[in-house]
Amino acid sequence: MAAPYNHKAIEKKWRENWEKNPVNVKSDENGKREKYYCLDMFPYPSGSGLHVGHWRGYVISDVWSRYKLLQKYYIVHPMGWDAFGLPAENYAIKMGVHPAVSTAENIKNFKKQIDEISALYDWDMEVNTTDPDFYKWTQWIFVKMFKEGLAYEKEFPINWCPSCKTGLANEEVVNGKCERCGTEVTKKNLRQWMLRITKYADRLLNDLDKLDWPEKVKKMQAEWIGKSYGAEVDFPVDGTDEKITVYTTRPDTLYGATFMVLAPEHALAAKLATDETREAVEKYIYDSSMKSNVDRLQDKEKTGVFTGSYAVNPLNGAKTPIWLSDYVLADYGTGAIMCVPAHDERDFEFASKFNIPIVQVIAKDGVEIENMTEAYTEASGTMINSGEWNGMESSVLKKEAPHIIEEKGFGRATVNFKLRDWVFSRQRYWGEPIPIVHCPDCGAVPVPENELPLTLPEVDSYEPTGTGESPLAGIESWVNTTCPVCGKPAKRETNTMPQWAGSSWYFLRYVDNGNSEALVSKEKADEMLPVDMYIGGVEHAVLHLLYSRFYTKFLYDIGAVDFEEPFKKLFNQGMIGKNGIKMSKSKGNVVSPDDLVRDYGCDSLRMYELFVGPPELDAEWDDRGIDGVYRFLNRVWNLVMDNKDKDIEATKEMIKIRNKMVYDITTRLESFSLNTVISGFMEYNNKLIDLAKKSGGIDNETLSTLAVLLAPFAPHIAEELWQQLGHEGTVFNAGWPAYDKEKMKDDEKEIAVQINGKTRAVITIPADSSKEEAIAAGKEAIADKLTGTIVKEIYVPGRIVNIVQK
RNA sequence: GCCGAUGUGGCGGAAUUGGCAGACGCAUCAGACUCAAAAUCUGACGUAGGCGACUAUGUACCGGUUCGAGUCCGGUCAUCGGCACCA
């Protein structure tokens, strides 16, 4: 009897071995290896540590990395820390510990836990967004953006979280609530630093086509960018010199516009009031300004007020009343719309409530609808009630109308985006200081690049002020400085950057993390960038993943990198849940990987993380399930140890199983069906155990192939088995095995014999049987059941004989 | 409301893309080994009927196409995500 599988000893041995002799090398006997950059979404080092849900993503990326390693790539597989952010700051407020101190502690703990995975991480590449040597470059990018006009100041009512006491970007507001704490977001008028991401809207949209990303994520980004085609149309205000410009995607329905609506914040809103309406108009404008976003969204009933003024339809001269309503958004399009109640649900609702005429301009099935009870929103039909446009096809007119309007001189074809500029300043302590000095004479001046990093000063209190100022504002010695341009007394910007700032570009810094001269050197970038595979949760679909693309495009534009898209391929792994809910410390359903590693070993946990379900779907954690893979590894161990010294000659059967095994594992791995890779291993292992019993053993090459295939999944046991099988050096030098389809062929096939599609017998026939032979054999097997007239005979080679009878 | 995903045994999930539904594993039950237990090994395991090799039925529901449907088409329901006055 061979020694039993001892995961503790084996894992310790190989961990030490890899430490001394790294398996991931830049070049080998065949010269320089091609790089493969496999990236994990770096974690926020929280105080609660890792659970098996975090492990899953890291295991997936490491399996993929090690597979690529076996294909002789040099693997770029770094790890780091997204360490700015609120939890550390809140902890500091509570305990009085500097966030840098608690963060350092958490990182230490995380690193220890991540080491347990035995991933290929290269800790020499580690980055930490809170390290001044790192955020020097986060600030440098901001300064560059400022110089290019992409970072600018603006005072306007932004989304404000009263609990976090800071402003938020649109992307951070989910259903009117703060993405982080769930508090209802309010409006606050504040001076903000903005990033002009809208300038990149078209490129961010168009380049989605180039990406090998899940369609879902691409679609979410496309919808977030929200490009639409339409026209701006100028409506003169009757009896004045003013005009109202509206944006519409349906200029074909211009004849059906029976009223206009302006957002209450529209510049002309108050001006349009007459003596009779002034009081009501001013009250409406005031009330709207007091309402939170949530209130505005949740008001089911439309509200509004008539201004008393009329707009002139430039096409037919019709006078239409101008209303104010908060269902029109001030910051989209022109903040004013023409309303076609016959063909827009919202306009219909508004017109119905306020008794505004409804004019149908697109016929339904060629006729006008009597007594409209809802808007007719189909975009195709024949134009009616539309003067010279009558009889035209609306879908055609929709495309032509912008140009007609442009020729006639009262409008222009235009496009619009839902994407807004990025609110980039936060009124909190634990973030990168925005490197700007406010000079009374020179205005906003960037901190000179050679003075970066502008480090965070020590403060007495981390408590956010809540007034819209960051805690930095209280530190006189830091705030008061001199203007870098004129040298006169000036004040520092006290807002900090959002947590997204560092994560928008960190993946570039890994490859050259010690560089003090440049964000990343040309040589290192050429050698290792961009990212080939990015693995992480889907929750960042429009946040981090959009911001990173924006940053990369900007850095491309200023020549800092020579690629426009950061992540070629993206994989989103599902979350791990327990008791039907997402695993998290606050829910009290956390399963710690530490105990499982101790009891079953790293290899077992790695395999179970994959076996638990399809990697892209959420999965329910079952504590008992890991027993299955642990037993499997024991059986593999016993199979190899019992047979390794038998010196068995490979039989045809062994060669066939070996080739099929390589084929199945490889194709499943390539299609990222990692759960079925594991079940495939179990299947083949069972087959080999049976075959060993029948044949008296298994040949060395088949056992060695099994060890190589296992290496990405269970690297420790694979190394040990590889060595036990008599090989020199690491299994990761073995190369990924090839398969030969010719050698996979069976001599005989089991086929089902059906009558009218129902299986009546299963027979074995030679694999090279002709259709006639197969059908004859099939008929013989079910002769007693063939009672009717045979109508048709079907043979699907190697699978089925089906006799159709009446 | 709109868009998308998912729906298969007690449970997690397979199914070569239209070809023997339930691979693989968990749990359960029975047997072997053991003084005993654990571990391990062997077997059973969708449902209903039969002592039985078997028969019927079965992939959320209703209908269709096909020799043949978990898979394709039309409709319905449920669960989970995303978006949600963007004119």
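Quantities reported herein were computed from a predicted structural model and do not represent experimental measurements. Chain A is the first sequence line, chain B the second, and so forth, proteins listed ahead of strands; every chain is numbered from 1.
For A:Thr248, taking side-chain heavy atoms from C-beta onward, the closest of the listed nucleotides B:rC67, B:rA27, B:rA87 is B:rA87. Nearest to the side chain of A:Ile794, among B:rU40, B:rG12, B:rG19, sits B:rG19. For A:Ser228, the side-chain atoms get nearest to B:rA87 when compared with the rest of B:rA87, B:rU42, B:rA27. Among B:rC24, B:rA87, B:rC20, the nucleotide with an atom closest to any side-chain atom of A:Val328 is B:rA87. Among the nucleotides B:rC20, B:rA87, B:rA84, the one closest to any side-chain atom of A:Trp224 is B:rA84. With B:rG81, B:rG25, B:rC24 as the choices, the nucleotide that has an atom nearest any side-chain atom of A:Arg635 turns out to be B:rG25. Of the listed nucleotides (B:rC67, B:rU55, B:rG13), B:rC67 has the atom at the smallest distance from the side chain of A:Val804. For A:Asn675, counting side-chain heavy atoms from C-beta on, the closest listed nucleotide (B:rG13, B:rU40, B:rG81) is B:rG13. In this structure, of B:rC67, B:rC26, B:rG13, it is B:rC67 that holds the atom nearest to the side chain of A:Lys792. Checked against B:rA23, B:rC20, B:rC3, the side chain of A:Gln754 finds its nearest nucleotide in B:rC20.
A side-chain donor from one of A:Tyr332 and A:Ser228 sits under 3.5 Å from a side-chain acceptor of the other. When only modelled atom types and interatomic distance are considered, A:Tyr284 and A:Thr303 share a side-chain donor-acceptor pair under 3.5 Å.
Pairing for B:rU17 is absent, with no Watson-Crick or G-U wobble pair whose two atom distances lie under 3.5 Å. Base pairing of B:rG12: its partner is B:rC24, meeting the Watson-Crick or G-U wobble criterion (both donor-acceptor distances under 3.5 Å). Checking B:rC83 for Watson-Crick or G-U wobble geometry (two distances, each under 3.5 Å) identifies B:rG1 as its partner. Across all strands shown, B:rG46 pairs with B:rU57; the Watson-Crick or G-U wobble distances both stay below 3.5 Å. The partner of B:rC35 is absent, by the rule that a Watson-Crick or G-U pair needs both atom distances under 3.5 Å. B:rG70: no Watson-Crick or G-U partner with both key distances under 3.5 Å is found in any strand. Pairing for B:rU6 is with B:rA78, a Watson-Crick or G-U wobble pair whose two hydrogen-bonding atom distances lie under 3.5 Å.
Between B:rG9 and B:rU66, the distance separating the two P atoms is 29 Å to the nearest Å. To the nearest whole angstrom, the two C1' atoms, one in B:rC80 and one in B:rA87, are 31 Å apart. A distance of about 11 Å separates the C1' atoms of B:rA84 and B:rC3, rounded to the whole Å. Between B:rU47 and B:rC83, the distance separating the two C1' atoms is 43 Å to the nearest Å. Nucleotides B:rG18 and B:rG1 have their C1' atoms positioned 36 Å apart, rounded to a whole Å. B:rC45 sits 22 Å from B:rU8 when the P atoms are compared, rounded to a whole Å. A distance of about 26 Å separates the C1' atoms of B:rA56 and B:rG7, rounded to the whole Å. Nucleotides B:rG12 and B:rG4 place their C1' atoms 24 Å apart, quoted to the nearest Å.
Between B:rA87 and A:Tyr332, a contact under 4.0 Å exists linking OP1 or OP2 to a side-chain N or O. The phosphate of B:rU40 (OP1 or OP2) has a side-chain N or O of A:Arg631 nearer than 4.0 angstrom. The phosphate of B:rU16 (OP1 or OP2) has no side-chain N or O of A:Arg668 nearer than 4.0 angstrom. Checking the phosphate oxygens (OP1, OP2) of B:rC80, no side-chain nitrogen or oxygen of A:Lys216 falls inside 4.0 Å. Phosphate contact (OP1/OP2 of B:rU42, side-chain N/O of A:Lys693, threshold under 4.0 Å): present. Of the side-chain N and O atoms in A:Asn685, none sit less than 4.0 angstrom from OP1 or OP2 of B:rC24.
Atom CZ of A:Phe632 and atom C1' of B:rA23 are 15 Å apart (whole Å). Going from atom CE of A:Met575 over to atom C1' of B:rG82 covers 13 Å, rounded to whole Å. Distance, A:Lys578 NZ to B:rC11 C1': 14 Å, rounded to whole Å. For the pair A:Arg760 CZ and B:rG19 P, the computed distance is 20 Å after rounding to whole Å. Put simply, CD on A:Glu793 is 16 Å from C1' on B:rG68, counting in whole angstrom units. In this structure, A:Ile225 atom CD1 and B:rG82 atom C1' are separated by 15 Å, rounded to whole Å. Rounded to whole angstrom, the span from the CE atom of A:Met661 across to the P atom of B:rC24 amounts to 17 Å. The CZ atom of A:Phe348 sits 21 Å away from the P atom of B:rC85 (whole-angstrom rounding).
Within 3.5 Å, a donor on the side chain of A:Lys302 pairs with an acceptor on the base of B:rC85, or the reverse.
Classification of the A:Tyr608-A:Trp621 ring pair by plane angle, with boundaries at 30° and 60°, yields perpendicular. Classification of the A:Phe672-A:Phe571 ring pair by plane angle, with boundaries at 30° and 60°, yields tilted. Taking the six-membered ring where tryptophan is involved, the planes of A:Trp323 and A:Phe350 are perpendicular, since the angle between them exceeds 60° and thus also 30°.
Remark on RNA chain B: of its neighbouring residues A:Asp622 and A:Val762, the 5'-side contact belongs to A:Val762, judged by nearest-heavy-atom nucleotide. Along RNA chain B, the nucleotide nearest A:Asn686 and the nucleotide nearest A:Phe417 are compared for position; the residue whose nucleotide lies closer to the 5' end is A:Asn686.
Counting non-hydrogen atoms under 4.0 angstrom, A:Asn416 reaches nothing in the nucleic acid. Looking at heavy-atom distances under 4.0 Å, A:Lys418 makes contact with a base. Using a 4.0 Å heavy-atom criterion, one finds that A:Val796 contacts the bases of the nucleic acid, with or without backbone contacts as well. When heavy atoms are screened at a 4.0 angstrom cut-off, A:Glu345 is found touching no nucleic acid atom at all. Looking at heavy-atom distances under 4.0 Å, A:Asn802 makes contact with a base. Here A:Arg624 lies in heavy-atom contact (under 4.0 Å) with sugar-phosphate atoms only.
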Check your understanding: salt bridge (charged side-chain N to carboxylate O under 4.0 Å, His left out) between A:Lys578 and A:Glu620: does it pass, once the steps are laid out?
Key -> CA-CA 5 Å; A:Lys578 184 135 192 244; A:Glu620 174 78 9; over 6 Å; no
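Nucleotide B:rU57 carries an anti base; the chi torsion (O4'-C1'-N9-C4 or O4'-C1'-N1-C2) is more than 90° from 0. In this entry the base of B:rG9 is syn relative to its sugar, with a glycosidic angle within 90° of 0.
Judged by a 6.0 Å distance limit and a 45° cone about the ring axis, A:Lys660 is not positioned over the six-membered ring of A:Tyr663. Figure legend: cation-pi geometry between A:Lys302 and A:Tyr327, with NZ or CZ positioned under 6.0 Å from the six-membered ring centre and within 45° of its axis.
Remark: A:Ile751 CD1 to A:Ile765 CD1 distance equals 3.5 Å, nearest 0.5 Å.
In this structure, A:Glu793 pairs ionically with A:Lys779, as a charged nitrogen and a carboxylate oxygen lie closer than 4.0 Å.
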